[in-house]
Amino acid sequence: MAFLEFKTISKGYPGVQALSNISFGVEKGAVHGLMGENGAGKSTLIRVLSGDQSADEGSILIDGVEQKYSSVRDAFHAGVIVIHQELQLVPELTVAENLWLGRFPGRAGVINGKTLIETVRAKLDEIGIDVDPFAKVSSLPIGARQMVEIAKAVMLDARVIALDEPTSSLSSRESEILFSLIGKLKAKGTVIIYVSHRLDEIFRLCDSLTVLRDGKLAAHHPDIGKTTREQIIAEMVGREIANIWGWRERPLGDVRLEVKTLSGSKLRNPISFSVRKGEILGFFGLIGAGRSEMARLLYGADHRHQGNVAIDGVAVSPNNPKASINAGMVLCPEDRKFDGIIQGRSIEENIAISSRRHFSPFGVLNSKKEASIADQFIAKLRVRTPSRKQDIINLSGGNQQKVILGRWLSEQGVKVLVIDEPTRGIDVGAKSEIYEILYELAAGGMAIVVISSELPEVMGISDRIMVMCQGRVAADVERADFDERSILTAALPDKNVAGTI
Ligand SMILES: Nc1ncnc2c1ncn2[C@@H]1O[C@H](COP(=O)(O)OP(=O)(O)OP(=O)(O)O)[C@@H](O)[C@H]1O
Ligand SMILES: [Mg+2]
């Protein structure tokens, strides 16, 4: 008998039936994957499981007992812990305080400093997570914050743990720690629900799998070994996608972006490269390799020590994002959730407020053209929403990402587009649409710099790849010479362990 059972769960929001009649069970000690396009209902199901949202209909059974909980606290006492897609840590508290809070949800009480720190340090060591318990959460990089969330779940003895896209901001090393933690939990008999858009992870970790589509159960696979990637993709998007990348040869023009000996405090070794009109240059490296730092220096968001950047032969003034924008360069940052979303505003407004208009906040919005651009992106990227007037905050995580991407991709007069982790959190169907847009923009003469930590993606869409490792360029590879193993080897700080990840 299934240890965890969802029975005929339905949940609606105004204008959206997020879940319709979902039933499936998960065995004790199993890792159960949950997949589906952005907006398919994965996080909603997890929220119902966590007591954060109540279902309109249906019930949840754990070990044969129907759960009546109506709050996160109830669910927590029933042994259910959820790590949400959006991090729940309190940024102003330290790591230790955050971990401690998890033990008493909803009660911040007085904390005995010494016991707390000792307990937390011992626990973090045991789990294998390397963060300072005294560090304020707000000072940690996203990956480290995510690890703290995970440590929090592991420290509490849960019967059911649900992880909603846990690896989207983890480095490969951190992901490995997470996977080994999942192995330990599984051995203890914990049920794990694992939400991810990454098929590799799903196949590696999961015993069984459920696919949701438009809030309905599209497929349930009690044994994941009996299915294939292609089948799952088809179940998710309702159509076959033969080639996600769709790369094709493009004519390249003159040099559009020229970067010479660029360096800064986080990128000490000067870096030089150029990108031609129509070219897509990929930057690959493991998290921490210096790619995002390079992008910020290039754009002028960080102070450069030296170097020159020119667009079409004209020098761009340094250290000034506004000058970069005026020269035709835009940067779509990695942390779009943090940098990009304007809460309380509609999808349409979130697309229309272009990165240029950030600098003239009184620009007039809502023209017909903007409405039509918004509708185009909603259709093209399959944003699941009742209308373009919907408040962006009501969209699923991946659909928010699509909207913010739409803002950068619809920008007019751009010559150089720098885009960091373009498809993080985005489902496989919309990914291929985003690549298609990038190809179209390139074909129109744009020079595109794509930064990604997903090797198949960089290899799939780039014309050329610069591999970064520990703040310097470790390799510069033409498409004809793309080779997974040599690119990975170049990206690894310890060159002896190639092939182990
Ligand atoms: N508070 C809300 N108000 C209105 N609609 C909502 C609300 N929360 C979620 N929805 C809608 O419910 C649907 C399911 O969203 P959910 O977050 O469960 O998707 P998901 O499968 O987790 O997607 P993603 O892969 O993007 O994270 C979406 O269409 C979303 O817009
Ligand atoms: Mg989600």
Side-chain angles (χ1 to χ4, degrees), residues 6 9-22 24 32-56 58 82-88 146 149 162-169 193-199 201-202 209-219 232-233 235-238 336-337 340-341 343-348 350 374 377-379 381-406 421-434:
F6 295 97
I9 301 269
S10 292
K11 170 82 186 168
Y13 295 107
V16 184
Q17 191 60 36
L19 295 172
S20 323
N21 199 22
I22 302 295
F24 67 91
H32 187 80
L34 195 55
M35 293 198 83
E37 286 187 294
N38 300 128
K42 305 176 297 294
S43 296
T44 306
L45 189 65
I46 301 290
R47 281 187 214 118
V48 169
L49 174 67
S50 75
D52 177 35
Q53 302 260 308
S54 52
D56 301 336
V82 167
I83 299 179
H84 290 285
Q85 191 172 2
E86 280 76 44
L87 301 182
Q88 305 285 309
Q146 189 79 301
E149 280 269 14
L163 299 140
D164 198 349
E165 298 190 38
T167 53
S168 59
S169 24
I193 307 283
Y194 193 87
V195 180
S196 175
H197 289 290
R198 299 182 179 172
L199 277 156
E201 279 177 7
I202 293 282
L209 174 78
T210 294
V211 180
L212 299 181
R213 186 163 84 230
D214 289 338
K216 300 183 192 73
L217 194 121
I232 294 170
I233 292 174
E235 286 161 356
M236 281 196 287
V237 299
R336 290 183 282 272
K337 179 98 202 154
I341 285 168
Q343 303 194 3
R345 295 299 188 95
S346 67
I347 295 176
E348 179 179 14
N350 266 280
F377 271 91
I378 288 170
L381 300 183
R382 296 153 66 91
V383 177
R384 193 168 181 234
T385 178
S387 98
R388 62 168 187 272
K389 300 282 180 206
Q390 177 77 297
D391 184 338
I392 191 166
I393 210 67
N394 290 335
L395 295 186
S396 75
N399 282 313
Q400 293 181 353
Q401 290 277 344
K402 293 179 189 173
V403 170
I404 304 303
L405 275 173
E421 302 288 359
T423 62
R424 173 178 290 169
I426 286 178
D427 67 59
V428 84
K431 267 187 186 181
S432 63
E433 300 298 338
I434 287 167

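Ligands are counted one by one from 1 in listed order, and the atoms in each one are counted from 1 as well. Note that these values count all heavy atoms, side chains included, but never hydrogens, waters or copies made by symmetry.
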Identity and distance of the protein heavy atom lying nearest atom 18 (O) of ligand 1: Thr44 OG1, 2.5 Å
Side-chain heavy atoms of Leu217 within contact of Phe6, under 4.5 Å: no
Atoms of ligand 1 close to Glu37 [distance to a heavy atom under 4.0 angstrom, numbered from 1]: 21 (O)
Tyr13 and Gln53 side chains, donor-acceptor separation under 3.5 Å: yes
Sub-4.0 Å heavy-atom approach of Gln400 to ligand 1: no
Any N, O or S atom of Ser396 closer than 2.8 Å to the Mg ion (ligand 2): no
Atoms of ligand 1, numbered as shown, that sit under 4.0 Å from any heavy atom of Gly397: 26 (O), 27 (O)
Close side-chain approach of Leu212 and Leu34, heavy atoms under 4.5 Å: yes
Test of proximity, Ala40 against ligand 1: N or O pairs below 3.5 Å: yes
Asn38 N/O under 3.5 Å from ligand 1 N/O: yes
Nearest atoms (heavy-atom pairs only) where Lys42 meets Gly36: NZ-O, 2.9 Å
Pairing of Arg213 and Asp427 as salt bridge, 4.0 angstrom limit: no
Subset of ligand 1 atoms that lie under 4.0 Å from at least one heavy atom of Glu165: 25 (O), 27 (O)
For atom 4 (C) of ligand 1, the protein heavy atom that lies nearest, with its residue and separation: Tyr13 CB, 3.3 Å
Heavy-atom side-chain proximity of Ser43 to His84 below 4.5 angstrom: no
4.5 Å side-chain heavy-atom contact, Thr385 and Asn399: no
side-chain contact (heavy atoms from CB on, under 4.5 Å), paired with Leu163, selected from Val82, Ile83, Ile193: Ile83
For atom 31 (O) of ligand 1, closest protein heavy-atom neighbour: Asn394 O, 3.0 Å
Residue and atom name of the nearest protein heavy atom (relative to atom 12 (O) of ligand 1), distance in Å to one decimal: Ala18 CB, 3.5 Å
Min heavy-atom dist Gly41 to ligand 1 below 4.0 Å: yes
Enumerated ligand 1 atoms positioned under 4.0 Å from heavy atoms of His197: 25 (O)
Where ligand 1 meets Asn399 - atom numbers and elements under 4.0 angstrom, heavy-atom basis: 26 (O)
Non-hydrogen side-chain atoms of Ile426 and His197 separated by less than 4.5 Å: no
Close-contact set for ligand 1 against Ser43 heavy atoms, below 4.0 Å: 17 (O), 18 (O), 20 (P), 22 (O), 27 (O)
Closest protein heavy atom (residue, atom, distance) for atom 17 (O) of ligand 1: Ser396 CB, 3.2 Å
Salt-bridge contact Arg382-Glu37 (side-chain N to carboxylate O under 4.0 Å): yes
Among Pro14, Gly39, Gly15, Gly398, closest by any non-hydrogen atom to atom 23 (O) of ligand 1: Gly39
Atom 25 (O) of ligand 1 [closest protein heavy-atom partner, distance rounded to 0.1 Å]: Lys42 NZ, 2.7 Å
Flag side-chain contact, heavy atom, 4.5 Å: Leu395 against Asn38: no
